[in-house]
There are 2 protein chains.
Amino acid sequence: MSTMNDVAQRAGVSLKTVSRVVNGEPNVSEQTRRKVDAAIAELDFRPNSVARNLRTGRIDLIGLALPYLSQPYFSSLAEEIMREAERHGLTVLIELTEGDAEAELALVREHGPHLGGLLMYPVGLSDAQALTVARTVPTVFISERAYDAHVDRVAMANREGVRALVGHMVSLGYTRIAALGADHTGRPERAAAHLRLDGYRDGLRDAGLPYLPELVLEVGTPHWNRQEGSAGMRRLIEGGIPFDAVVAFADALALGALHAVQEAGLRVPAEVAVAGFDDTDDARYAHPSLTSVAPGRAQIAREALALLNDRMNGTVDQEPGRLVVADFQLTVRESTLGGMAAWGGA
Amino acid sequence: MSTMNDVAQRAGVSLKTVSRVVNGEPNVSEQTRRKVDAAIAELDFRPNSVARNLRTGRIDLIGLALPYLSQPYFSSLAEEIMREAERHGLTVLIELTEGDAEAELALVREHGPHLGGLLMYPVGLSDAQALTVARTVPTVFISERAYDAHVDRVAMANREGVRALVGHMVSLGYTRIAALGADHTGRPERAAAHLRLDGYRDGLRDAGLPYLPELVLEVGTPHWNRQEGSAGMRRLIEGGIPFDAVVAFADALALGALHAVQEAGLRVPAEVAVAGFDDTDDARYAHPSLTSVAPGRAQIAREALALLNDRMNGTVDQEPGRLVVADFQLTVRESTLGGMAAWGGA
DNA sequence: TTGTAGGCGTTATCAA
DNA sequence: TTGATAACGCCTACAA
């Protein structure tokens, strides 16, 4: 690799002049600029970002800490974030935490000081630990859980999204709407479940429908997967409790429910309507295709990077602790609306 | 952040002595070492890797270039690679190419010179471009396509895997076995399709079965998704060509096929057996659960990092161009074996 | 066993 | 508009 020095010699100018041209600074004559540009091209010079970072103390590398990459929500979130980071001229270093507080902390201890910023989807972190993280490196959380510690955060419209889902069901004439995925442990890391249940209650209230505890299904583990969804739905069916719709708090739960409902010989949506949350690809390709709430992944990525950028550049005097809630979108498909769309369609 | 200088002052020793302690070099008295360690702890000193890298020219950062992250195969591969990289003390910087040769090259131009190594799943790269990449930075390809340019490579057992799949079908008594996902364009970037078709022929030959072109289904696009699988299968069914098994070249195709077969009122596996390739989570959770070939992701990650590590450290005198083919595993589930396993089981 | 001098490639300072 | 010189934090070579 050629260095700035090589370019300077070749162009017959000083080091600093090359630096000026490279960084687009003013006060360089057009003629000099051309000479330098030519030399840069000839030598295929590329600035050494390591050296640049050392000198400026600014780092164009941000960390992205996620529990997993193999779950559709996280991998598509990661994709969006990487695209957005590129727009900001930032490079993304991905770390997996597996949802373990110790791993989340270790990562920050290890890499934090050498990162320009950090986007984290915290799982196990306590309030105190969250503060430690945010003190080590400019941080933005992507999380449904609110932290006491003041950290900038981007969240989904959990409550409003489910509320709209229930409203949609009601508008189609369904009245005995089950909720799938509730949590009654009250543990803070299950905030998404709590907020979505709140939204479910809101939706019922909007419609003047009663809240029936027997229609609210908890699932065995905090993992919202198809098996849990399927098992939960089977319990409801076997319990003989009448219902005509299911609002699941995640697409995976909804897909499991879909399976159990169909296995029980019930037609979807003629006899039972089903909807999910997340709008994953699986929802689009399911049979029937699944109505779902799209949480605005692109916006989440955009907002998260905007907040982080502010912090990194110090271009904001507001205290950390800002909250942005992304807009959601209700994506209606066959599982609530019937056979209008073709299988696999949007 | 405190620097080595701060530590040196605090401990009352020279900069170099601190450096020795930090890097675990010999020739430091136990007493001095303790003094320095104490100062390091008090100041919470962490070596600045930027400065270190600038000086040593060695970088513990590797790039991982993938076309997408939102497809299950790539996200789970990325997970495995990150786990393995951590074991090697390497940090992973992920880049998305979207399968575009220009993006693949740009990424290498931009970041290549400042990376310790690169793992790439090339898609659009020509032979000449592959050489450019490998010259810029120590590179290992994860790819089914063989490049003329000598670059180390890790691949799946495409041919052997499908051959085993066909053998499995034959052992269960199926004789009219369709292949789904063939490519007759011969384009090099579709090497996986070619090799898997070879494996299909091998399997038939092993069993003394004839190769019947009417049972070999091409899909419309190079994208192996459910819709393509479903459409392909429908063509076969509507064509009235008798068949009793389907070997799909990807799980997504198999899942689409499963759907089309069931929609046509055929029972799986009683009337038609179905199998895929990749062993994604979707295969495990499908209904019926899908028999598939597990391509050995963990081993692919392990071998790729082993090869890359060799190159980065120069601990190998072999020319680049080594090839490692990962072991595969046939995962038999309900879609070929019947209702022995519970839905959602392994 | 310990320390000094110099330099990695870039940007910042200040003078010309 | 340009350039000489110092500095970022660390490691290597060599000297003490």
Side-chain angles (χ1 to χ4, degrees), chain A residues 1-40 43-61 89 91 110-116 137 312-314, chain B residues 1-40 43-61 110-116 137 313:
Chain A
M1 284 297 289
S2 46
T3 75
M4 264 194 184
N5 241 320
D6 303 334
V7 177
Q9 271 193 311
R10 174 131 195 154
V13 298
S14 83
L15 196 60
K16 179 60 202 174
T17 301
V18 177
S19 174
R20 286 197 180 91
V21 172
V22 168
N23 293 319
E25 288 173 34
N27 295 335
V28 179
S29 74
E30 196 44 51
Q31 190 184 359
T32 317
R33 189 181 299 277
R34 261 202 296 276
K35 259 196 314 193
V36 172
D37 278 333
I40 287 175
L43 295 173
D44 188 31
F45 164 78
R46 322 210 134 256
N48 180 330
S49 59
V50 172
R52 169 180 289 169
N53 293 339
L54 174 60
R55 180 60 242 221
T56 60
R58 193 163 277 167
I59 321 184
D60 54 1
L61 185 69
T91 305
E110 181 74 15
H111 294 291
H114 313 308
L115 292 174
V137 51
M312 287 170 63
N313 302 329
Chain B
M1 285 297 290
S2 45
T3 75
M4 263 194 183
N5 241 318
D6 303 334
V7 175
Q9 270 192 312
R10 174 129 194 154
V13 299
S14 82
L15 195 62
K16 178 60 207 179
T17 302
V18 178
S19 171
R20 286 199 180 91
V21 172
V22 169
N23 296 322
E25 289 173 35
N27 296 334
V28 180
S29 74
E30 197 45 51
Q31 189 184 359
T32 318
R33 187 180 299 275
R34 261 201 297 275
K35 260 197 310 194
V36 172
D37 278 332
I40 287 175
L43 296 173
D44 189 29
F45 164 77
R46 321 198 140 264
N48 179 328
S49 58
V50 172
R52 171 182 288 168
N53 292 339
L54 175 60
R55 180 59 240 220
T56 60
R58 189 165 282 165
I59 325 182
D60 55 1
L61 187 69
E110 181 76 13
H111 294 290
H114 313 308
L115 291 174
V137 49
N313 302 330

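Letters A, B, ... mirror the listed sequences (proteins, then strands); counts begin at 1.
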- Please figure out whether A:Arg20 or B:Lys16 has its closest DNA chain C nucleotide nearer the 5' end. B:Lys16
- Smallest heavy-atom separation, A:Ile59 atom then A:Met312 atom, equals O-CE, 3.8 Å
- Item | Closest non-hydrogen atom pair, B:Ala51 against A:Leu54 | CB-CD1, 3.7 Å
- Message: Going by side-chain hydrogen bond (donor to acceptor under 3.5 Å, both in side chains), name the residues that satisfy it together with A:Ser14, two or more places apart in sequence or in a different chain.
- Response: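 Result, side-chain hydrogen bond (donor to acceptor under 3.5 Å, both in side chains) vs A:Ser14: A:Thr17.
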- Message: So, using side-chain hydrogen bond (donor to acceptor under 3.5 Å, both in side chains) as the criterion, who are the partners of B:Ser29 when residues are at least two apart?
- Response: B:Thr32
- Task: To the nearest Å, give me how far apart CG (A:Asn27) and P (C:dA15) are.
- Result: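 Distance check: A:Asn27 CG to C:dA15 P gives 17 Å.
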- Along DNA chain D, 5' to 3', what are the outermost nucleotides having an atom less than 4.0 Å from a heavy atom of chain A?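 Footprint of chain A along DNA chain D, 5' to 3': D:dT1 to D:dG9.
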Show me, pair by pair, the donor-acceptor contacts under 3.5 angstrom made by side chains of residues 5-12 of chain A, not counting sequence neighbours?
| unit_1 | atom_1 | unit_2 | atom_2 | d |
| --- | --- | --- | --- | --- |
| A:Asp6 | OD2 | A:Thr3 | N | 2.8 |
| A:Arg10 | NE | A:Glu42 | OE1 | 2.5 |
| A:Arg10 | NH2 | A:Glu42 | OE1 | 2.4 |

- Heavy atoms, side chains only, cut-off 4.5 Å: are A:Val36 and A:Ile40 in contact?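 The answer is yes; the side chains approach within 4.5 Å.
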- Query: Does a nitrogen or oxygen in the side chain of B:Thr32 sit under 4.0 Å from OP1 or OP2 of C:dT1?
  - Reply: no
I'd like a table of atom pairs between the protein and nucleotides 7-10 of chain C - only N or O on both sides, under 3.5 Å - with the distance next to each one.
| unit_1 | atom_1 | unit_2 | atom_2 | d |
| --- | --- | --- | --- | --- |
| C:dG7 | N2 | B:Arg55 | NH1 | 3.1 |
| C:dG7 | N3 | B:Arg55 | NH1 | 3.2 |
| C:dT10 | OP1 | A:Asn48 | N | 3.0 |
| C:dT10 | OP2 | A:Met4 | N | 2.6 |

- Criterion side-chain contact (heavy atoms from CB on, under 4.5 Å) on B:Glu30 and B:Arg34, from CA distance to verdict: CA-CA 6 Å; B:Glu30 197 45 51; B:Arg34 261 201 297 275; 3.7 Å; yes
- Message: Under 4.0 Å, heavy atoms only, any strand: does A:Val13 hit a base, just the sugar-phosphate, or nothing?
- Response: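 It contacts sugar-phosphate atoms only.
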Could you pull out all donor-acceptor pairs under 3.5 Å where a side-chain atom in residues 20-27 of chain A meets a protein atom, sequence neighbours excluded?
| unit_1 | atom_1 | unit_2 | atom_2 | d |
| --- | --- | --- | --- | --- |
| A:Asn23 | OD1 | A:Arg52 | NH2 | 3.3 |
| A:Asn23 | ND2 | A:Ser19 | O | 3.3 |

